[in-house]
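Both counts, for ligands and for their atoms, begin at 1 and track the order of listing.
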Amino acid sequence: MAEVKTLHFESNPPPFGHEMRKCFSFDPEYINMNHGSYGSLPSPVAEAIKPYYAMAEANPDLFHRFTSIDLIRNVRERMAKFIGAAHTDEVVFVPNASHGLNAILRDFIWEEDDIICSCNTTYKSISKTAQYISDIPPHPEYSQFTILFPTTHNEIIENWRTYLQSLNEARARSAHRLGRRPKIVAVIDSIISVPGALLPWKEMVKICKEEDVWSVVDAAHSIGQELDLNLADADPDFWVTNCHKWLYAKRSCALLYVPKRNQHIIKASFPTSHAYISPKKRTGPNFVEQYEWNGTLDFVPYISASCALDFRAWLGGEHVINAYCHRIAIEGGKRLAQILGTEIIDQDQDFQFTLNMVNVAVPFPATMSSDFEIDMAFRRKLLIKKKIYPAFFYHNGKWWTRCSAQVWSQVSCLLHSYFPHPPAGSIPGRRF
Ligand SMILES: Cc1ncc(COP(=O)(O)O)c(C=O)c1O
């Protein structure tokens with residue numbers, strides 16, 4: 001059986017900070033402050049996957065019919081352990097978080113008076129998925145939970161409980177009228193995209209259980225950023241994470257976790273696989289087989305997740321990497337807020353919302369509200385003119401920037417976003 005090779009390194013890694021840029025392929029003039037959106041591929045991982053591309057081209061049939069399936073089984077086993085799943089066969093690869101979340105949400109059998117809910121802070125295309133599901137027959141109701149920063153984990157937990165209880169009261173009324181109990185499905189972010197903020201998602205999942213609500217966790221930003229994942233313990237109903245973000249796998253690579261008890265919900269993979277067996281004829285599980293082959297795509301990014309774990313071990317492992325990134329996020333965010341005369345969104349003294357993304361208020365007039373043209377103007381100015389890119393967003397009456405800290409970042413990187421003539425310690429090779 002083909003196995004993914006472990007990466008071995010002859011030397012020690014460069015120190016964190018600008019020296020670490022040697023391990024990535026960035027344009028020397030570009031300051032990447034937005035690792036959170038698309039991730040960044042380390043050069044050693046890019047090198048390590050070349051032999052798999054060679055295998056695919058040496059004999060496409062052999063690779064796609066046998067070798068890649070063995071290799072991906074091998075990686076799934078490793079990833080399942082990494083995220084603390086109870087069984088390897090609860091974890092499959094999908095190209096991206098949108099794909100995984102759509103597969104879950106569209107595979108529920110929706111009925112009249114069911115409720116699908118997300119938050120005002122849910123990633124836009126995912127709340128649009130919920131809206132779309134509500135727009136087509138049988139029109140389950142779409143409901144939104146509101147999170148407004150600044151807030152606290154305790155406030156979110158309490159509001160979540162009250163919110164789900166109110167949905168439950170509505171459900172009881174419908175049940176009385178319909179003579180059956182409608183279902184409620186909640187999409188919860190583990191780490192919100194904008195603001196980049198860790199939610200108390202494990203507590204929110206627990207409240208879902210207490211209130212008999214399905215929990216679908218959008219954990220796009222979790223793997224590689226959130227430490228010590230233990231899904232068997234957190235026990236969400238569904239959970240999806242992007243390995244091409246914080247884990248350093250090659251795009252497009254994501255994991256879909258469905259505990260065995262819920263695999264009957266995912267009746268067909270998305271797209272449908274030749275391995276699909278009609279539920280009427282099933283004699284056992286049919287989840288993994290469907291996801292092993294449901295259309296031709298580039299399977300090497302899935303293999304890259306294993307190489308990314310080796311690279312991360314070389315850097316010192318999960319705790320070392322994330323301790324550095326978190327420190328830069330906090331120090332850089334505080335310094336930037338001080339210079340701008342603003343604040344960071346996470347006002348908790350222990351920074352309970354902040355992992356490696358920090359959100360700093362930008363002193364634009366409150367009257368300048370979010371719109372597509374303004375977003376595009378930011379993107380053009382920052383990406384093309386200034387060659388730096390942190391994310392920008394409008395939340396609760398203010399403009400904010402979301403800076404992602406990474407192993408190549410230094411506090412000075414965050415300050416470059418706003419200062420064309422930065423203080424000492426600028427990125428080597430960058431012209432100002
Ligand atoms: C919270 C969240 N969910 C889902 C997505 C979608 O990820 P993808 O584009 O890889 O499907 C993102 C992307 O940034 C995200 O931040």
Interfacing atoms of ligand 1 (cut-off 4.0 Å, heavy-atom, [X]):
{"X": "S193", "value": "1 (C), 16 (O)"}
{"X": "H244", "value": "10 (O)"}
{"X": "N96", "value": "8 (P), 10 (O), 11 (O)"}
{"X": "N242", "value": "7 (O), 8 (P), 10 (O)"}

Residue, atom name and distance, where the atom is the protein heavy atom closest to [atom]:
{"atom": "atom 16 (O) of ligand 1", "result": "H221 NE2, 2.8 Å"}
{"atom": "atom 6 (C) of ligand 1", "result": "Y123 CE2, 3.4 Å"}
{"atom": "atom 3 (N) of ligand 1", "result": "D218 OD2, 2.6 Å"}
{"atom": "atom 13 (C) of ligand 1", "result": "K245 NZ, 3.0 Å"}

Would you kindly specify which portion of D189 sits under 4.0 Å from ligand 1, judged on non-hydrogen atoms: side chain, backbone, both or neither?
side chain

Between S98 and ligand 1, which part of the residue brings a heavy atom under 4.0 Å of the ligand: side chain, backbone, both or neither?
both

Whether W314 and F311 hold their rings parallel, tilted or perpendicular, with breakpoints at 30° and 60°:
tilted

Whether F299 and Y302 hold their rings parallel, tilted or perpendicular, with breakpoints at 30° and 60°:
perpendicular

For H99, is at least one N or O under 3.5 Å away from an N or O on ligand 1?
no

Got a donor-acceptor contact below 3.5 angstrom from the [X] side chain to the [Y] backbone?
{"X": "Q225", "Y": "H221", "value": "yes"}
{"X": "K183", "Y": "D113", "value": "no"}
{"X": "E3", "Y": "L71", "value": "no"}

The reported gap from CH2 in W408 to SG in C23 (rounded to nearest 0.5 angstrom) is 11.0 Å

Closer than 4.0 angstrom: is that true for some heavy atom of R251 and an atom of ligand 1?
no

Hey, which of S404, S409, S40 is the one that makes side chain to side chain donor-acceptor pair (under 3.5 Å) with H35?
S40

Show the numbers, then the answer: is there a salt bridge (charged side-chain N to carboxylate O under 4.0 Å, His left out) between E19 and K22?
CA-CA 6 Å; E19 285 285 308; K22 287 182 194 143; 2.6 Å; yes

